[in-house]
Amino acid sequence: MVGIVILTGAGVSAESGLGTFRDKGGLWTKYDLSEVATPEGFARNPQLVHAFYNARRANALDAAPNAAHSALARLTAENDDVLLVTQNIDDLHERAGSNGVVHMHGEITRALCAVCEYRWDAPRVMDPVDTCPDCGTKATRPDIVWFGEMPYHMDRIIAAIEAADLFVAIGTSGEVYPAAGFVDIASTAGAETLEINLEPTPVPGRFDRVITGPATETVPAWVETLF
Ligand code: BV8
């Protein structure tokens, strides 16, 4: 029985220095996502896409978890009916101590063979000339869910949301589907819904409750109320 399902987005890693996507100066304001975060973009220019993710991998590996990641690690460690789902591809939740994190958009620390679907720990720098350690084909890609691809673990996530008492979305703009639809599934299933964000997302009333402020302040304070 999962009592609480938590969905995090780029806002939970913002204060660790990792860029968000849609805020001022965000990643999607600097890069055309169709060039660097779609299978078509990768087929057109694998060198550009590997360079984009090599830079993000370096940033992620050089970043440190913040107080929001640590508070969520405390909550998940002492509470086995909490499921932590993240849209983020960094490993800051794990490095803060969370286990069993569900990465629905994949992980920057993992690599995937586009031919045989073998997965392995990504090297710090990936290149189109790399060959798959299993089948030997030059078809390596970051193990990341691009736009137009099906996110991972969807059945497990939906089942947990439908059984949860509380659904909490932390640091996400709620613009990317299917994650953006999770709050509606939670409400329909009768769960209470809480949004924790720097400021309320544009659609008022989607969440029963909203807590605003920087995640490093709001998340530890919220977790404290559960103990
Ligand atoms: C799919 C990996 C179909 C890459 C990502 C309508 C309905 C359904 C789908 C669609 C639709 N229209 C279009 C689609 C397709 C598309 C989509 O939703 N597009 C959007 C733009 C409209 N969805 C897809 O393509 C998905 N796949 O639909 O497949 C299918 C069906 C059958 C079979 C096969 C396929 C796949 C989506 C996944 C794409 N990959 N990530 C990468 O990371 O490089 S998504 C991308 O957005 C990011 O990864 C990010 O994780 C995700 C969500 O963004 P956020 O995390 O919310 O970040 P954002 O910058 O937007 O917001 C930051 C928030 O933080 C803000 O609210 C801000 O206020 C807050 N914040 C900032 N600082 C702080 C803070 N909060 C607290 N404290 C702070 N300090």
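Start at 1 and go down the list; that is how both ligands and their atoms are numbered.
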S.K.: Distance under 4.0 Å to a non-hydrogen atom of Thr172: what atoms of ligand 1 satisfy this?
M.R.: 55 (P), 57 (O), 64 (C), 67 (O)
S.K.: Are any of the heavy atoms in Pro214 under 4.0 Å away from ligand 1?
M.R.: yes
S.K.: Quick one: look up the protein heavy atom nearest atom 72 (C) of ligand 1 and list residue, atom name and how far away it is.
M.R.: Asp23 OD2, 3.2 Å
S.K.: Can you list the atoms of ligand 1 that are under 4.0 Å from a heavy atom of Glu15?
M.R.: 78 (N), 79 (C), 80 (N)
S.K.: Over 60° means perpendicular and under 30° means parallel, so tell me whether Phe167 and Phe182 are parallel, tilted or perpendicular.
M.R.: perpendicular
S.K.: Considering residues, nucleotides and ligands other than Asp155, do more than 12 of their heavy atoms fall under 6.0 Å from its CG?
M.R.: no
S.K.: With heavy atoms of Ile144 as the reference, note each atom of ligand 1 found under 4.0 Å away.
M.R.: 2 (C), 4 (C)
S.K.: Is atom 12 (N) of ligand 1 in close reach of the protein, with a heavy atom under 4.0 Å away?
M.R.: no
S.K.: What do we get for Ala14 next to ligand 1 when only non-hydrogen atoms under 4.0 Å count, side chain, backbone, both or neither?
M.R.: side chain
S.K.: Only pairs at least two apart or in different chains count here, so list each salt bridge (Lys or Arg N to Asp or Glu O under 4.0 Å) that has a residue in residues 11-25.
M.R.: Arg22-Glu175
S.K.: Kindly indicate whether the side chain of Cys113, heavy atoms from C-beta on, has any atom under 4.5 Å from the side chain of Trp120.
M.R.: yes
S.K.: Please check whether Ile89 reaches ligand 1 - meaning an N/O of the residue sits under 3.5 Å from an N/O of the ligand, judged on distance alone.
M.R.: no
S.K.: If you count the non-hydrogen atoms of other residues, nucleotides and ligands that lie under 6.0 Å from CG in Asp184, is the total more than 12?
M.R.: yes
S.K.: Is Glu149 paired with Arg141 through a side-chain N to carboxylate O contact shorter than 4.0 Å?
M.R.: yes
S.K.: Using a strict cut-off of less than 4.0 Å between a Lys/Arg side-chain nitrogen and an Asp/Glu carboxylate oxygen, indicate whether Arg124 and Asp62 qualify as a salt bridge.
M.R.: yes
S.K.: Within the structure, is a non-hydrogen atom of Gly148 found at a distance of less than 4.0 Å from ligand 1?
M.R.: yes
S.K.: Of Asn197, Ile211, Leu198, which has the heavy atom at the shortest distance from atom 70 (C) of ligand 1?
M.R.: Asn197
S.K.: Within this structure, what is the CG-OG distance for the pair Asp91 and Ser98, rounded to the nearest 0.5 Å?
M.R.: 11.5 Å
S.K.: Identify each donor-acceptor pair in which a side-chain atom of residues 6-14 lies under 3.5 Å from a protein atom, sequence neighbours left out, and give them as a table.
M.R.:
| residue | atom | partner | partner atom | Å |
| --- | --- | --- | --- | --- |
| Thr8 | OG1 | Thr86 | OG1 | 2.7 |
| Thr8 | OG1 | His93 | NE2 | 2.9 |
| Ser13 | OG | His69 | NE2 | 3.3 |
| Ser13 | OG | Asp90 | OD2 | 2.8 |

S.K.: Can a salt bridge be assigned to the pair Asp121 and Arg110 using a cut-off of 4.0 Å between side-chain N and carboxylate O?
M.R.: yes
S.K.: Any atom of ligand 1 sitting under 4.0 Å from a heavy atom of Arg56?
M.R.: yes
S.K.: Could you give the distance from NE2 (His103) to CD1 (Ile89), rounded to the nearest 0.5 Å?
M.R.: 10.0 Å
S.K.: Give the residue and atom name of whichever protein heavy atom lies nearest to atom 78 (N) of ligand 1, and the separation in Å to one decimal.
M.R.: Ala215 N, 2.9 Å
S.K.: When you measure from atom 24 (C) of ligand 1 to the protein, is at least one non-hydrogen atom found at a distance under 4.0 Å?
M.R.: yes
S.K.: Should Phe147 and Tyr177 be counted in the same cluster of Ile, Leu, Val, Met, Phe, Trp and Tyr side chains packed under 4.5 Å apart?
M.R.: no
S.K.: Which of the numbered atoms in ligand 1 are under 4.0 angstrom from any heavy atom belonging to Tyr53?
M.R.: 4 (C), 42 (C), 44 (O)
S.K.: Looking only at protein heavy atoms, which one is nearest to atom 64 (C) of ligand 1, and what is the separation?
M.R.: Gly171 O, 3.5 Å
S.K.: Using heavy-atom distances only, which candidate in Phe21, Trp28, Trp146 approaches atom 49 (O) of ligand 1 most closely?
M.R.: Phe21
S.K.: To check your reading of the model: name the closest protein heavy atom to atom 47 (O) of ligand 1, its residue, and the distance in Å.
M.R.: Val176 CG2, 3.3 Å
S.K.: Out of His105, His103, Glu199, Met104, indicate the one that has the non-hydrogen atom closest to atom 5 (C) of ligand 1.
M.R.: His105
S.K.: Would you say Ile157 ends up clustered with Ile185 if hydrophobic residues are merged whenever their side chains have heavy atoms under 4.5 Å apart, either directly or through other cluster members?
M.R.: yes
S.K.: Give the atoms of ligand 1, by number and element, whose distance to some non-hydrogen atom of Gly9 is under 4.0 Å.
M.R.: 56 (O)
S.K.: Hydrophobic clustering (ILVMFWY, side-chain heavy atoms < 4.5 Å, transitive) - are Phe21 and Tyr53 grouped together?
M.R.: yes
S.K.: Atom 18 (O) of ligand 1: which protein heavy atom is closest, and how many Å away?
M.R.: Tyr177 N, 2.8 Å
S.K.: Nearest protein heavy atom to atom 75 (C) of ligand 1: under 4.0 Å?
M.R.: yes
S.K.: CE of Met126 to CG of Asn54: how many Å apart, nearest 0.5 Å?
M.R.: 8.0 Å
S.K.: May I ask you to list the atoms of ligand 1 that are less than 4.0 angstrom from any heavy atom of Gln87?
M.R.: 49 (O), 51 (O), 52 (C), 53 (C)
S.K.: Assess whether a salt bridge exists between Arg206 and Glu195, defined as any Lys/Arg side-chain N lying under 4.0 Å from an Asp/Glu carboxylate O.
M.R.: no
S.K.: Within a distance under 4.0 Å of any heavy atom of Arg22, pick out the atoms of ligand 1 and give their elements.
M.R.: 47 (O), 53 (C), 54 (O), 58 (O), 59 (P), 60 (O), 61 (O)
S.K.: Given Glu149, Glu175, Glu195, which has its nearest heavy atom closest to atom 1 (C) of ligand 1?
M.R.: Glu149
S.K.: Return the CZ to CG distance between Phe52 and Leu33, rounded to the nearest 0.5 Å.
M.R.: 8.5 Å
S.K.: Specify the protein heavy atom at minimum distance from atom 79 (C) of ligand 1: its residue, its atom name, and the distance to 0.1 Å.
M.R.: Gly11 O, 3.5 Å
S.K.: Any idea which part of Met150 is under 4.0 Å from ligand 1, heavy-atom wise: side chain, backbone, both or neither?
M.R.: both
S.K.: Please work out whether any backbone atom (N, CA, C, O) or any side-chain heavy atom from C-beta onward of Thr20 is under 4.0 Å from ligand 1, and answer side chain, backbone, both or neither.
M.R.: both
S.K.: Who's the nearest protein heavy-atom neighbour of atom 16 (C) of ligand 1, and how far?
M.R.: Phe147 CD2, 3.8 Å
S.K.: Return the closest protein heavy atom for atom 2 (C) of ligand 1 as residue, atom name and distance.
M.R.: Val145 O, 3.3 Å
